[in-house]
Amino acid sequence: MRHHALEASKTILAALAIIFLLPFTSSAQNDTVSVKNVSAETLVRVMREVSGNSIHIANASKDEGFYSISQPKELFVEEALKVLRESGYSISEIEGMILISRGKGIQSSLPGGWFLQEGGLLSSTTDEDQNALEVTYQNKVYEIGDPARPKSGPVIISGVVRDASSGEPIPGISVVDAESGRYAMTDSYGSYKITIPTGRRTISYSGYPMDDINLEVLVYDNGALDIRMKEKVSTLKAAAISAESVSFHRSASMGIERIQLDRIKKIPAAFGESDLIKAVLSLPGVQSVGEASSGFNVRGGSVDQNLILLNDGTIFNPNHIFGVLSAFNSDIISDAELYKSSIPANLGGRISSVLDIHTKEGNNQKVTGSLGIGLLTSRFELEGPIKKDRTTFVLGGRTTYSNWILGLIPKESHYHGGKTRFQDANVSLTQKIGNNSSVQIYGYASGDNFSFDSDTVFHYRNLNLGMKFRSSLSPKSSMEVSAGYDSYRTSLDGDMKWVWGTFKYSNGISQEYLRASMKHILSDKHTLSYGAGSVIYDIAPGKRVHVGEESRVIDLTLKHQKALEPYLFISDVWNANDKISLEGGIRLNTFLATDPSKFYIMPEVRLSGKYSPAANFSLKAGINSMRQNIHMITNSSTVSPMDVWTLASDRIKPQDGFQVAGGAYWSVGANIDLSLETYYKRAYNSVDYIPGAILVMNENLPDDLVTTTAKAYGVELMARKSIGKLNGWISYTYSRSLMQETDPDDPFPINGGNWYSTPHDKPHAVNMALNYKLTHRYSVSANLDYATGRPITVPIGTFYYGGSTRLAYSDRNTYRIPDYFRLDLAINVEPGHYLKQFTHMSFTLGVYNVTGRKNAYSVYFNGSSAYMISVFAVPIPYINLNLIF
Amino acid sequence: METNNTDSRRKGLIGNASRAACAVLSCALLFSGCTYPFDIDYEDDTRIIVFSGDIVVGGETVIYGYLTKGFGNPEGGQTKPYNPILIDGSSSSYFDPSSSQGSSSSHDPSSAYYGYDTIPLEGYLESEDGSRIEGNLEKNNGLNFDTSGLDINKKYRVCLKNTSNGSEYRSSWSEVMGAPVIDSLSYYIDHDNHRLVTRVSVTAQDTPYISLTSSYSWRVSPWAKAYFDYQLPTETDPFGIVILGNNYPENCYTINDDHVKTFATVTMKEGKLVNYDLDSFDRYDRTISGTLRLRMKARQISKESYLYWQNLEKTSSMTGDLFTPTPSSMRGNISNIDDKAEMVLGYIGISRETSKDLYIRNADHMLYRESKAFTEQFYKHVSEGTVPQNEWFPFYKEGMRPWVDVYSDMGFFLGYRWIDKRCLDCTFAGGIPDKPEDWIE
């Protein structure tokens, strides 16, 4: 049956492709063809005349609809076919003819095994669950449950939404029962559960970039309904409410951004390297201290207050090449969600945000892959079934060849002869167990090296190993258990010019975790989640080892810091009615540090509510409290390999924080979403360093630290159009991020104990990421980024001391570098629609920083002069090739 | 002279990353650079008080108080009025007799504060038992203390009063720190790079923190040695006459400022700093053309003092990168009695001191060479050929002097080539002709 469906799809797509390509061969014809309120038969006749092709329609007499279309001549047939498809017609190509028929497509021959299938073309039942259906087509009424024994009251329909061609689960698909207004969203594994009344329902499945599905379902009992969605062949016109709109008005959660990988690839980026973190930075409320800098700041929080999860494993340094690229290979990512405000109770450990990234499970039908070649990196991705529909694998890797660039640097430069390189690799194996369970084993490793002046080499590496078991225990219940090991290590090879002897310095952090969570649908109004977990931390603060016999450096290993962080959580989603819903949760965070032992406990509260006075307008509010038992100690503006992680202890308290947020959400028409969110955050017991602090190999690090209180507040305005020819978003953010030293023992607090700006306090920010689809293959993208310059500390005077001229500085972060502005443009060319071609090539041509603005990356001071460094001071053209097979 | 400053290098290592990212990316596109001048729009003109000087038991103690200059002030970088081409060793091989004549090349500590607004001070050195040593105001508002008889077992502090506005300042109580042992002071020739490198080995005593104050002095000859003199025209000699003789000093002596480096030997085996490369000199550096003297003074310092010096080093050059520590001014151990919040810069320590001298003679290492640039510049100040007799006086009036006598291949005397008189005067090459009393050569 599936084979038959695929053949039919190919035939239709081939026909469409031929038709679509025709206009480009005669682009000089600009006449417009218009029809108004014509019947289907008339429409087809006009199509025949316009195209000269053999186009026929069957069963048109039953169609009482009338059609109006006005399009340029070359696009008329394409648009007409689309309109007919949306009206329930199927389009088939047989021996050069295009046949249009009601309902099912016309087949020129019966597929193999046709007479053996009971379920016909449209659905199949599984052996294990009589109420389970797998749906590929929508032109049928499906039955769930036994009509002879219908259940009264609401029932639960659960299932997995997958890509029809690859079998990959699709996250972020909205599932809506049109009559009752009940909704669900597929999670990162494509799973959904929706509670709906029995009887005849219309269930809509929609989400970018898939074609929407509207199913007629006769529901008698609980059941499973797996969906296979096809990628949109035509996205020229919006036809359904976007998944974002559903999320806006159905869920009480706020401050959640789903990052769609397809869109990331269309956002122009430096050197054409599409990048997850750079896409995150284009969202409102997310900032960084500078262009090509490591890490990001969410709503005024510091970099270490973001929890970055890759398949549940923690990534401590998400960057390559000093932050020019992120550590994530975009080809293997399935989806990513950034929680800025309503952080679910099952996630915790950081007080600012959670970036939850999931990788693909792999194509369960055939082996596919891609190759990407850019100016800085090359990457590959390979996925496929080991056993069809049961066992899949994904392999991915990247490397860089940026050393050729360093070779171009003049010899007079400090950097001539320097080297930088990185590699990363992902591997995943997913085994389906029965129909309702799966286990995924996952590994990620990355390594970075860079050196300058050829005397000191920096290294850092991430290693994540994990396993996740997921099971849908019943239509009402599901379970997840995950365990893993995460590690981040940095090291430095120094020589005589560093400290009078050759040595190697290293530090690192590792953790082991075990998490288990359950989700129960208690009723049509309540969904309960609960679980527990624990993290075991082991931090190696520093180790110095002499290298070579002549080195006079004394070996030293600082004592490891170890701690256990167990937690429990419980949360409930209460959909009181269509207008009101509440989400609440409690997470009990405990922390036991050892040697010396110290125990901390704090309940964290998660609460958010929604009121929708109209179907397209919602108001939300929420409060979160969070705790973080781990600190990253840094005295630089951005993440560097020399940063030190330290645990809460008897001398360093855990960081606490809360966020109060509110928002208004308005959907204009079917596909424009407007939002306004405002927030106020406080963080306590964050640490900052005293002037002159020594952070590396310091046995008494707490002596050089002071405690601070931080506050941040802001307003984020966003307009988003998710589907249609023109899609993307524009946002404006006003925000402040301030700190205040609160250490009672410091006689000279930073900036006199007054509030001062954090390094990422950039009050005004405007972001725009737009994509305009010219045709099915060609689109143009624009990306605009404006932000107030970041705060810096500048010299306000010079003085002669100890034989040299020294600099006297202003209070911390009291000046700013110039404002940042950048506009990027790109043209994206997608693969052709030749279905039988083994490989498809897509490429992107673009210009980064079109205006050539000399944005300040940083400012440095030498003697009595100040200089500004601009990383991308000129327009940078690029090309990026991707080969998909 | 190139300073081999390990601390600034350390600071720059990570910081280099950001500049490298810039250089990497721009050079890849064949654009020449991406560093631009940056103007800071100051909101006010804050000037901070600085106290400089250490109490040396058994040695000279002078404390200066002065105000910082605005950043970007054209006079703010180099402070000395005397010949800058010899202060900056890296350019001393460049011939430039047009620069001003040295006038204060002898070691005058107060000259370091030239161009700064020094503060008139009065004050005393107070012992923990209440005894006081009053300070005497010296040249350029330096406050001198007789610290020859201090008891090394007591704590001391400095109490100072700015007599211009009455503000009083006081340092924290400090123990007298000991003196480390200077195990060796030496130099070696780096033949690969044609450089002379000075090095030191020091053993720390009671604390692992060491302050090394290096001061270079050198004996230098004039750019050209004079063999003749010129006597003005008379009735009998209307063009004047050239006579044998040389009225210019043969050698001059220059003493550079003290330069302080601090070290922590806590990471080093046996608490020793072994063969640490201090400074290096290019073979074209005229500083090593005669005799170079390195005077090394070593003192123990407290951890707080060490951290203060380290912060000064870290925050005074190559700052502001994303990867470098955010700079900040660090308070020392002296504060305003009435206004604790006032930012006061400077750390006044107290310690004993050991000293050692090293004389480095070009005759021993023979590394010095005159550079091509030097020679080209030099001959721009020499007459192209011999000067006709009737032009002697006009040449004289233009500041030229007879230099060498010229003969034909047959041995006939042709005349004299003349030279800018500043080339014959070693004071223009830096320094003063008076040999320092402690110069042992």
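Below, chain A is the first sequence line, B the second, and so on; all start at residue 1.
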Open item on the list: Determine whether B:I49 and A:F799 satisfy the following criterion, side chain to side chain contact (heavy atoms under 4.5 Å, CB included), listing intermediate values before the conclusion.
Closed with: CA-CA 9 Å; B:I49 192 166; A:F799 61 105; over 6 Å; no

- [ ] Carefully, step by step, assess A:I694 and B:L307 under the rule side chain to side chain contact (heavy atoms under 4.5 Å, CB included).
- [x] CA-CA 9 Å; A:I694 293 176; B:L307 294 176; 3.3 Å; yes

Open item on the list: Using the rule given for side chain to side chain contact (heavy atoms under 4.5 Å, CB included), can you reason through A:L807 versus B:T315, listing the C-alpha separation, both sets of side-chain angles and the distance that settles it, and then say yes or no?
Closed with: CA-CA 7 Å; A:L807 300 178; B:T315 57; 5.7 Å; no

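Heavy atoms of B:D41 lying under 4.5 Å from chain A belong exclusively to its backbone. With a 4.5 Å cut-off on non-hydrogen atoms, B:F51 touches chain A through its backbone but not through its side chain. Only the side chain of A:Y815 has a heavy atom closer than 4.5 Å to any heavy atom of chain B.
Counting heavy-atom neighbours within 6.0 Å of B:N193 CG, excluding the residue itself, gives a total above 12.
Atom CD1 of B:I40 is separated from atom OG of A:S810 by 8.5 Å, given to the nearest 0.5 angstrom. For the atom pair OG (B:S329) and CD1 (A:I796), the distance works out to 6.5 Å, reported to the nearest 0.5 Å.
With hydrogens and angles disregarded, a donor-acceptor distance shorter than 3.5 Å links the side chain of B:K269 to the backbone of A:S551. No donor-acceptor distance shorter than 3.5 angstrom exists from the side chain of A:Y800 to the backbone of B:Y116, with no hydrogens or angles considered.
By the side chain to side chain donor-acceptor pair (under 3.5 Å) test, A:N754 is found to be paired with no residue, residues two or more places apart in sequence or in another chain being considered. For B:S214, the side chain to side chain donor-acceptor pair (under 3.5 Å) criterion is met by no residue, not counting sequence neighbours.
Ring planes of B:W309 and A:Y801: tilted class, angle from 30 to 60°.
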